[in-house]
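Convention: sequence-line order gives letters A, B, ...; per-chain numbering from 1. Quantities reported herein were computed from a predicted structural model and do not represent experimental measurements.
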2 protein chains.
Amino acid sequence: MNNSISQELNFFLLLAKTQSMLTRRFDNNLGGLGFNEFMILFYLSQSKEEKMRRIDLAGKLGLTASGITRLLIPMEKIGWVKREPYTEDARVSFVSLAKGGKNKLADESMEDAENLAKDLLPPATKTKDLETFSLLLSTMSGTIG
Amino acid sequence: MNNSISQELNFFLLLAKTQSMLTRRFDNNLGGLGFNEFMILFYLSQSKEEKMRRIDLAGKLGLTASGITRLLIPMEKIGWVKREPYTEDARVSFVSLAKGGKNKLADESMEDAENLAKDLLPPATKTKDLETFSLLLSTMSGTIG
DNA sequence: GCATTATACTTGATTAATCAAGTATATATC
DNA sequence: GATATATACTTGATTAATCAAGTATAATGC
């Protein structure tokens, strides 16, 4: 039996496990919003004119274009986001933050997310380490393309 | 517009994005094994007598018991794992590594996973940092319960 | 300008995984 | 030792997300 495993692979196994648990935790504690839905509303709220191309949203969440299409369907129905055609390039359609989504985010979910984030990190976590780790994550997600 | 977001929450958003991309990458490059399937075969191969309780497997992957039940159904059918009843506690059933699964892992997937892991990490990643992050991740997943 | 290639998005079919509820067994409490 | 609670697992219903293929439009190369 060969029991050896590299530190690198071990890191990815741990990452997968942790992220599964984290996603479930976020999904259940954002006042009725799923984590992905929260991220969509949040990124829209941060963007210029509160609207983004669907493909850019996909990039932000690390999902496929298809995944975004499907995520947005119920959100549009409920009135959290709106579809905005784009005349300069007919392939593109923008998603914009609708009133309902803006309220949903502001009233509760944003605060819930912030509180959860602070609760989840071990109290001893060093700011400096968090920075290093964040940088590693951006580099990886930038590289994976 | 309130554009502020804590470093902590930002970290979790980045983590989610990166993990989505990573999972897709692993899923498509382990010689026909999904990432979760790979992890199951791997953890079984590492465990005593190459068998584990389903609930412990769930813990290792960060999934629910239900998720594990469903993951194992096709794997059992294909002959990668076997179900083993446990007389000392009739609630429990063990999963063991079957011949097919053992071969699948040894012939290709283990090597693929190791190579991928090394490819995905930025070359400049410091061993020391990787250790720190791994520790942070274990602490978090241990705490989340 | 025409043909090729690339981009943005949607859709059908499928797979993955959750939750809530249910079954069966074991453990603890009184 | 009967009752209540906890644990391990499965199942039905549902939601999430993929891939592969298709549509439509735009950009590139010659």
Min side-chain heavy-atom separation V95(B)-I40(B) under 4.5 Å: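 No. Closest side-chain heavy atoms not under 4.5 Å.
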[X] near the nucleic acid: base, sugar-phosphate alone, or nothing, with a heavy-atom cut-off under 4.0 Å?
X	result
L63(A)	sugar-phosphate
N36(B)	sugar-phosphate
R70(A)	base
I68(A)	nothing
S93(B)	sugar-phosphate
A90(B)	sugar-phosphate

Residue mapping more 5' on DNA chain C - nearest nucleotide basis, R83(A) or T64(B):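 Nearest-nucleotide comparison on DNA chain C picks R83(A).
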5'-most by nearest nucleotide on DNA chain C - D89(A) or R91(B):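 Final value for this comparison: D89(A).
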CA sep, side-chain torsions, deciding dist, call: F26(B), F38(B), ring-ring contact (aromatic ring centres under 6.0 Å, His included): CA-CA 9 Å; F26(B) 273 101; F38(B) 166 77; 7.6 Å; no
Polar side-chain contact S66(A)-dC19(D) base: donor and acceptor under 3.5 Å: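 Indeed, a donor on one side and an acceptor on the other fall under 3.5 Å apart.
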Any N28(A) side-chain N or O less than 4.0 Å from OP1/OP2 of dC19(C):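 Result: yes.
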Short side-chain N/O contact from T69(A) to OP1 or OP2 of dT10(C), under 4.0 Å: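 Indeed, a polar side-chain atom of T69(A) lies that close.
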Candidate list R54(A), K60(A), M52(A), test side-chain contact (heavy atoms from CB on, under 4.5 Å), partner D56(A), passing option: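 Of the listed residues R54(A), K60(A), M52(A), the side-chain contact (heavy atoms from CB on, under 4.5 Å) partner of D56(A) is M52(A).
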Sidechain N-carboxylate O distance under 4.0 Å for E37(B), K104(B):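 No, no charged N to carboxylate O under 4.0 Å.
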Whichever of D56(B) and T87(A) has its nearest DNA chain D nucleotide further upstream toward 5':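 That would be D56(B).
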